[in-house]
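These notes are about the structure you will find just below.
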Amino acid sequence: GSSRNLIGGTISGGNDPTKDITIPPPLGNLISGNVDNGVLISNGATDNTLSGNFIGTTASGNQAIGNGGDGVAIIDANSNQLVGCQVESSPFVYYNVVSGNLGNGLRIKDSDGTTIHANFFGLAADNLTPLGNGGNGALIEGNSANTQYGGVIPLGNVNSGNGLNGIEVRDSASGFITFNTFAGTTAFGGIAPNQQNGFLFTSSGGNNTIRTNVVGGNIGNGIHITGSATGITIDPNIIGLNSYGTEAVYTNSTGQVISYANGGDGIRVDGDAQGISIAGTYQSVIPQNTISNNNGYGIRVLGSARNVQIANTAIGTGSETLAVDQRFGNQLGGIFVGGNSNAVTIGDSSGDEQVLVANNLGNGLLIDGKLNNQIVNAVFRENANYGVSFL
């Protein structure tokens, strides 16, 4: 039942990693090289806060001295926080860097009301070097409810460079929101790939939200929703492009041109997933879901997925959909609907031009033998093969 403990402190020392100023927060602790977890909060401990700590790294935050378990484990403990800045301060000024650990960076199990603002999970303190945790950047599991993962700018987190996924949400976790997360990229910079997906959701708990994130460079899919996942809203995000949705590639310090593409699909929905909304109705700095430049399809729905809606989404363009220089087609095509999937709705009868599928290197939309799908208020233009194809 430990409560109201502060691990570290909220002074920046001038740190601002988004401007290449990486000064370890002066009140933070170095918690590295331990046999088990770096930090364990459990058994009813509540209202404890971590700020400015380097967990699993050297004192500079740029090399690994990993803990043998998770960097931070929160188990059966409600209302705890990892906080790296406040709304009125710059991003990551007294961030926790939770990287280089053998397990997950952060694991939350059977714990409600956890807040995670402005931290690095799997990236070095320099906002450049991948320093992956062996598992996920963050794992939310069990019956954990109401996890606030990020928030309005500048409260987002970085979950990149990890051995598995940037974030995994599973079991019956509910009320989870990832808000302004960089998954597979650095903060406003290049890529730092997670070795699987940017996000993996299998939770059946419902009311889980993926909002205003930048998801690029991952080896697998940008977002993978599978298993018995239920009740997930994707609203709105940039998937496969830079932080602003305006560029597909960048040039690193050695002159190499690198793509922001995810290695698989931008969004894949499969397994028995149901009640999935890829909509983008929330008003933010990102005008709509923009899913472009990926090595697979922009969106692929297969398996036994059902009741999937795609609306207010651009596939194959930049975030500025009318910009003529922002043609960033997905390699295999725009949207694929197949397998035993059912009841996929593309567009929304309540508004104009709800879905734009353009510039893709395959078909705009390919439906492979499935019934009970609806297409309304959608535009398919300048795709390399058919606009819409039924097999």
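In what follows, residues are counted from 1 in the order of the sequence shown. Reckoned from all heavy atoms, side chains included, excluding hydrogens, waters and symmetry mates.
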Exercise: do Thr49 and Gln81 side chains pair donor with acceptor under 3.5 Å: yes
Heavy-atom pair with the smallest gap, counting every atom of Arg327 and Asn359: NH1-OD1, 3.3 Å
Linked, directly or transitively: Val301 and Ile278 (ILVMFWY side chains, under 4.5 Å): yes
Derivation of the side-chain contact (heavy atoms from CB on, under 4.5 Å) call for Val215 and Phe199: CA-CA 8 Å; Val215 189; Phe199 300 126; 3.6 Å; yes
Non-hydrogen side-chain atoms of Gln331 and Asn293 separated by less than 4.5 Å: no
Reported OG1-to-CD1 distance for the pair Thr313 and Ile299, which is rounded to 0.5 angstrom: 5.5 Å
Within-4.5 Å side-chain heavy-atom neighbours: Ile75 and Leu40: yes
Any donor-acceptor pair under 3.5 Å from Thr178 side chain to Ile210 backbone: no
Side chain proximity check, Ile286 to Ser319, heavy atoms < 4.5 angstrom: no
Leu82-Ile31 co-clustered via ILVMFWY side chain contacts under 4.5 Å: yes
Co-membership, hydrophobic cluster, residues Ile310 and Val337, 4.5 Å side-chain: yes
side-chain contact (heavy atoms from CB on, under 4.5 Å) between Asn218 and Asn262, worked out: CA-CA 5 Å; Asn218 298 287; Asn262 294 290; 3.0 Å; yes
Ser144 versus Ile140, closest heavy-atom pair with distance: CB-CG2, 4.0 Å
Salt-bridge present (Arg4, Asp47; N to O < 4.0 Å): no
Nearest-0.5 Å distance that lies between atom CD in Gln195 and atom CG in Asn165: 10.5 Å
Donor-acceptor pair, side chain of Asp76 and main chain of Asn43, under 3.5 angstrom: no
Donor-acceptor under 3.5 Å (Asn62 side chain, Asp126 main chain): yes
Hydrophobic cluster (4.5 angstrom, side-chain heavy atoms) - remaining members for Val158: Leu30, Phe54, Phe92, Tyr95, Val97, Phe120, Leu123, Phe182, Phe188, Val214, Tyr244
Sidechain-backbone polar pair: Ser174 side chain, Gly206 backbone, donor-acceptor under 3.5 Å: no
Gly275 backbone acceptor or donor facing Asn307 side chain under 3.5 Å: no
Heavy atoms of other groups near Tyr250 OH, more than 12 under 6.0 Å: yes
Val83 side chain reached by Gln86 side chain, heavy atoms, under 4.5 Å: yes
Heavy-atom closest pair, residues Asn383 and Asn363: CB-C, 4.3 Å
Under 3.5 Å donor-acceptor, Asn330 side chain and Ile291 backbone: yes
Leu155 vs Asn180 side-chain heavy atoms within contact, under 4.5 Å: no
Ile367 side chain near Ile375 side chain, heavy-atom distance below 4.5 Å: yes
Chi angles and distances behind the side-chain contact (heavy atoms from CB on, under 4.5 Å) call for Val249, Ile258: CA-CA 5 Å; Val249 300; Ile258 298 175; over 6 Å; no
From CD1 (Ile223) to CD1 (Ile267), nearest 0.5 Å: 4.5 Å
Donor on one side chain, acceptor on other, Asn162 and Asn194, under 3.5 Å: yes
Distance-only polar pair, side chains of Asn197 and Asn221, donor-acceptor under 3.5 Å: yes
Thr233 versus Asp235, side-chain donor and acceptor atoms under 3.5 Å: no
Check: Leu302 main-chain N/O paired with Ser341 side-chain donor or acceptor under 3.5 Å: no
Donor-acceptor contact below 3.5 Å, side chain Asn104 vs main chain Leu139: no
Any pair counted as salt bridge (charged side-chain N to carboxylate O under 4.0 Å, His left out), so long as it reaches residues 253-282, sequence neighbours left out: Asp265-Arg268, Asp265-Arg300
Joint hydrophobic cluster, Phe121 plus Ile7, side-chain heavy atoms closer than 4.5 Å: yes
Option passing side chain to side chain donor-acceptor pair (under 3.5 Å) with Tyr149 (candidates Asn159, Asn213, Asn119, Thr114): Asn159
In one Ile/Leu/Val/Met/Phe/Trp/Tyr side-chain cluster, 4.5 Å: Leu200, Ile239: no
Check: Ile234 main-chain N/O paired with Asn289 side-chain donor or acceptor under 3.5 Å: yes
Polar contact flag, side-chain donor to acceptor under 3.5 angstrom, Glu168-Asn136: yes
N/O donor-acceptor pair under 3.5 Å between Asn377 side chain and Asp348 backbone: yes
Atom of Asn15, atom of Thr22 and distance for their closest heavy-atom approach: OD1-CA, 3.2 Å
Asn146 versus Asp112, side-chain donor and acceptor atoms under 3.5 Å: no
Between Thr290 and Ser292, a side-chain donor and acceptor under 3.5 Å: no
Where Gly151 and His117 come nearest, the two heavy atoms and their spacing: N-CD2, 4.3 Å
Check: Gln309 and Val344 side chains under 4.5 Å, non-hydrogen atoms: no
Spacing of Arg211 atom CZ and Asn237 atom CG [to the nearest 0.5 Å]: 9.5 Å
From CD1 (Ile191) to OG1 (Thr186), nearest 0.5 Å: 9.5 Å
Atom pair OG/CD of Ser204 and Gln274 - distance to nearest 0.5 Å: 9.5 Å
side-chain contact (heavy atoms from CB on, under 4.5 Å) between Thr209 and Phe176, intermediate numbers included: CA-CA 6 Å; Thr209 304; Phe176 170 88; over 6 Å; no
Shortest non-hydrogen separation from Thr185 to Ser160 and the atoms involved: O-OG, 2.6 Å
Pairwise side-chain contact, Ile55 with Leu50, heavy-atom cut-off 4.5 Å (strictly under): yes
